[in-house]
Amino acid sequence: MGTTARRSIWAWGLESEEPSKADRKAEAKRMAEEYGTVVDPPPLPTIDRVDIRAPRIQAPDALATICSHDKHDRAAHAYGRSYPDKLRAFQGDFRNAPDLVAYPSSEAEVTAVLEWCSDNGYAAIPYGGGSSVVDGVNPPEGYDGIVTIDLTRLDQVLEIDESSRAARIQAGVLGPALEAQLKPHGYTLRHFPQSFEFSSLGGWIVTRSGGHYATNHTHIDDFVESVRMVTPRGVWESRRLPGSGAGPSPDRLVIGSEGILGIVTEAWMRIQKRPRFRASAGVRFPDWAAGYEGTRQVVQAKLWPANLRLLDPAEAQKGSGLDGKQSLLIIGFESAEVPQGAFIQEAVAIARAAGGQIDDDAIVVDDGTGKPTGRGGNVGAWRDWFIRAPYAKNTQVGLGLIADTFETAITWDRFPEFDAAVRTAMTDILQRVCGGGEIACRFTHVYPDGPAPYYTYAGFGTPGAELEQWNMIKAAGSDAVMNAGGTITHHHAVGRMHRPWYDAQRPDLFAGALREAKRSLDPNGVLNPGVLIDP
């Protein structure tokens with residue numbers, strides 16, 4: 001019942017995009033040269049070799065045509081795309097795959113599936129694009145029946161209000177399809193997370209997704225005008241307004257709710273004219289400290305660049321080809337109405353005054369003619385590396401490398417000490433678990449009051465023990481982030497993976513209020529159990 005171009009059951013992307021045997025052999029050779037450990041790539045998993053228990057439940061006749069017990073459908077919905085997810089799926093571990101996958105194509109069908117699950121106590125897992133890296137779509141243990149509710153058939157832009165620049169959009173639409181429907185009208189949502197290709201509007205809303213525009217409007221919160229959500233108790237819909245001071249916002253309870261209160265079916269979203277004017281620059285700083293000080297000065301000038309992404313020396317070397325000592329600040333501006341040349345000159349002047357270096361001819365400005373920006377030199381090299389990253393990681397699964405990321409946010413005054421503490425903790429745990437490794441950082445987003453650091457790490461694990469070792473590294477990094485005053489997540493969401501640290505971060509009284517909200521909307525506790533709060 002899935003689409004013709006089937007998703008891989010283990011890798012990022014489609015089955016047709018899985019790495020070849022030659023790709024994996026080449027990656028194993030490269031890793032042997034870097035880590036000194038030779039691994040013979042195991043064969044790729046295929047659905048015919050996967051063992052999945054028989055479905056324990058059967059859909060009622062009224063829902064049978066939209067529910068699938070197909071082996072591939074169930075396997076493809078068993079995991080998100082975190083490091084443990086991909087490794088377990090690669091190893092053929094689908095012991096807790098959903099019993100059924102429902103594909104509703106209307107709100108009435110969503111309601112019917114959810115009522116059936118609630119009446120029978122079956123776990124109901126809302127599913128958009130399946131790109132969660134925090135166990136946000138993984139079926140929970142302890143339920144006699146599990147139904148994953150895949151919303152990708154709710155994939156239409158239903159209405160565009162050109163006067164208010166807003167659109168009513170179904171929640172299951174994936175990023176590329178959403179933009180393709182807005183483009184003929186001259187609009188864009190302008191929300192581009194790295195998971196854009198395989199994530200949905202509803203997923204963005206309930207996980208408080210962060211797009212890869214680094215300043216100003218970047219979180220999905222900024223684009224939501226109103227939300228419609230189906231709950232076991234009925235439909236929740238907020239009034240469509242540009243703003244309101246009428247008590248706590250109903251939208252704010254939905255945004256970030258991660259599927260525990262209801263299933264978002266559609267939303268009115270603020271949209272924008274597609275940009276015509278662009279400008280880009282890559283400013284080199286002599287070291288990491290000079291780079292983040294320069295970044296702070298640029299963002300606090302409130303010029304609101306679309307991109308203000310700082311790469312530390314390790315990331316700048318790997319992704320942009322710098323010397324391993326310099327950091328790189330990538331600056332980008334765009335607008336549908338206003339030429340951007342003056343803005344980027346101001347930002348570059350601030351960066352230069354803080355110690356940054358860039359040749360004048362490396363500042364690229366498009367005054368509406370379509371001149372490419374952000375494509376050449378160090379900036380273009382990093383962009384290409386960044387876009388390829390999820391697919392490049394597919395070649396490494398099962399080869400023993402433990403490589404992952406975590407992200408957070410912290411205020412500027414605490415960042416130097418915070419960064420030092422996190423790097424020390426990660427260097428120590430990688431040494432103890434893997435005998436060494438590498439740690440790098442970039443700012444994915446920056447605010448006038450602080451950055452959102454995004455750390456990447458890698459170390460070679462012990463074959464067969466990678467999941468246990470990953471857990472040790474994840475715990476050490478998360479503890480370091482929390483002990484140094486950061487947030488356990490800036491845009492990856494909480495899911496089940498971050499629960500221990502989220503429980504410590506949130507106020508206890510708020511947790512109680514959230515439990516009462518869930519009890520009111522989901523009295524039988526079937527929606528995404530174990531996410532954010534206990535069932």
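No experiment lies behind these values; they were computed from the predicted model shown. Just so you know, residue 1 is the first one in the sequence shown, and it goes up from there.
- Between Val531 and Gly136 the shortest heavy-atom distance is CG2-O, 4.5 Å.
- We find the CZ-NZ distance between Arg388 and Lys393 to be 13.5 Å, quoted to the nearest 0.5 Å.
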Stepwise salt bridge (charged side-chain N to carboxylate O under 4.0 Å, His left out) test for Asp404 and Lys474: CA-CA 9 Å; Asp404 207 353; Lys474 175 66 176 178; over 6 Å; no
Before you tell me yes or no, could you show the steps for His492 and Thr489 under side chain to side chain contact (heavy atoms under 4.5 Å, CB included), namely the whole-Å CA-CA distance, both residues' side-chain angles and the distance that decides it to 0.1 Å? CA-CA 6 Å; His492 281 175; Thr489 179; 3.7 Å; yes
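- The aromatic rings of Phe198 and Trp12 sit perpendicular, their planes meeting at an angle over 60°, well past the 30° parallel limit.
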Evaluate Glu266 against Arg228 for salt bridge (charged side-chain N to carboxylate O under 4.0 Å, His left out), listing each step before the verdict. CA-CA 5 Å; Glu266 64 182 60; Arg228 184 173 172 90; 5.0 Å; no
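- The two residues Trp204 and Ser199 come nearest to each other via the heavy atoms NE1-OG, 2.7 Å.
- At a threshold of 4.5 Å between non-hydrogen side-chain atoms, the residues Ile473 and Tyr457 count as touching.
- Seen from the ring of Tyr187, Lys273 counts as a face-on cation partner, given the 6.0 Å and 45° thresholds.
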Run the numbers on Arg274 and Glu179 for salt bridge (charged side-chain N to carboxylate O under 4.0 Å, His left out), then give the verdict. CA-CA 10 Å; Arg274 299 181 68 82; Glu179 287 296 322; 3.6 Å; yes
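- Annotation: side chain of Thr46 is not in contact with side chain of Val50 (no heavy-atom distance under 4.5 Å).
- Between Glu27 and Leu399 the shortest heavy-atom distance is CG-CD1, 4.1 Å.
- Taking the six-membered ring for Trp and the full ring otherwise, the centers of Phe406 and His490 sit at least 6.0 Å from each other.
- Between Glu516 and Arg519 there is a salt bridge, since a side-chain N of the basic residue sits under 4.0 Å from a carboxylate O of the acidic one.
- Using a 4.5 Å heavy-atom threshold, the side chains of Leu114 and Thr231 count as separate.
- Side chains of His498 and Ser478: a donor-acceptor N/O pair is absent below 3.5 angstrom, by distance only.
- Closest of all the heavy-atom pairs between Val137 and Arg496 is N-NH1, 4.4 Å.
- In this structure, Val254 and Trp236 have side chains that are in contact, with non-hydrogen atoms separated by less than 4.5 Å.
- Residues Ile125 and Pro140 are in side-chain contact: their nearest non-hydrogen atoms beyond the backbone lie under 4.5 Å apart.
- For the pair Asp522 and Leu261, the minimum side-chain heavy-atom distance is 4.5 Å or more.
- His69 places no side-chain N or O within 3.5 Å of a backbone atom of Gln58 that could act as its donor or acceptor partner.
- No side-chain donor from either of Glu15 and Ser8 sits under 3.5 Å from a side-chain acceptor of the other.
- We find the CD1-CG distance between Ile160 and Leu182 to be 5.5 Å, quoted to the nearest 0.5 Å.
- By the 6.0 Å and 45° rule, Arg309 does not stack over the aromatic ring of Phe443.
- Exactly one of Phe90, Phe94, Trp10 qualifies for a ring pair (Phe, Tyr, Trp, His ring centres under 6.0 Å) with Tyr79. That residue is Phe94.
- Ala11 approaches Glu18 most closely through the heavy-atom pair CB-CG, 4.3 Å.
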Applying salt bridge (charged side-chain N to carboxylate O under 4.0 Å, His left out), run through Glu334 and Arg276 and close with a yes or a no. CA-CA 7 Å; Glu334 67 176 35; Arg276 294 175 49 225; over 6 Å; no
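- Atoms CZ and CG, on Arg240 and Asp251 in that order, are 12.5 Å from each other to the nearest 0.5 Å.
- In this structure, Ser226 and Arg239 approach most closely via the heavy-atom pair CB-O, 3.8 Å.
- Between Asp503 and Arg499 there is a salt bridge, since at least one side-chain N of the basic residue sits less than 4.0 Å from a carboxylate O of the acidic one.
- By the 4.5 Å heavy-atom criterion applied to side chains, Val494 and Glu258 are counted as neighbours.
- Between Tyr122 and Trp116, the two ring planes are perpendicular [angle over 60°; tilted spans 30° to 60°].
- Residues Thr152 and Asp150 bring a donor and an acceptor atom of their side chains to less than 3.5 Å of each other.
- The line from CD1 of Ile146 to NE2 of His77 is 13.5 Å long, rounded to the nearest 0.5 Å.
- The aromatic rings of His212 and Phe386 sit perpendicular to each other, their planes meeting at more than 60°, with 30° as the lower class boundary.
- Note: Tyr454 and His491 have parallel aromatic rings, judged against thresholds of 30 and 60 degrees for the angle between ring planes.
- The closest side-chain donor-acceptor pair between Ser105 and Glu109 falls under 3.5 angstrom.
- For the pair Pro305 and Leu308, the minimum side-chain heavy-atom distance is below 4.5 Å.
- Ser118 and Asn524 share a donor-acceptor pair across their side chains, judged by distance under 3.5 Å alone.
- Ring pair Trp382/Trp385 is tilted by interplanar angle, where 30° to 60° counts as tilted.
- Applying the side-chain contact (heavy atoms from CB on, under 4.5 Å) test between Asp85 and each of Asn138, Val134, Val133 identifies Asn138 as the sole match.
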Could you give me the CA-CA distance, side-chain angles and deciding distance for Leu63 and Val113, then say whether side chain to side chain contact (heavy atoms under 4.5 Å, CB included) is met? CA-CA 7 Å; Leu63 299 175; Val113 173; 4.0 Å; yes
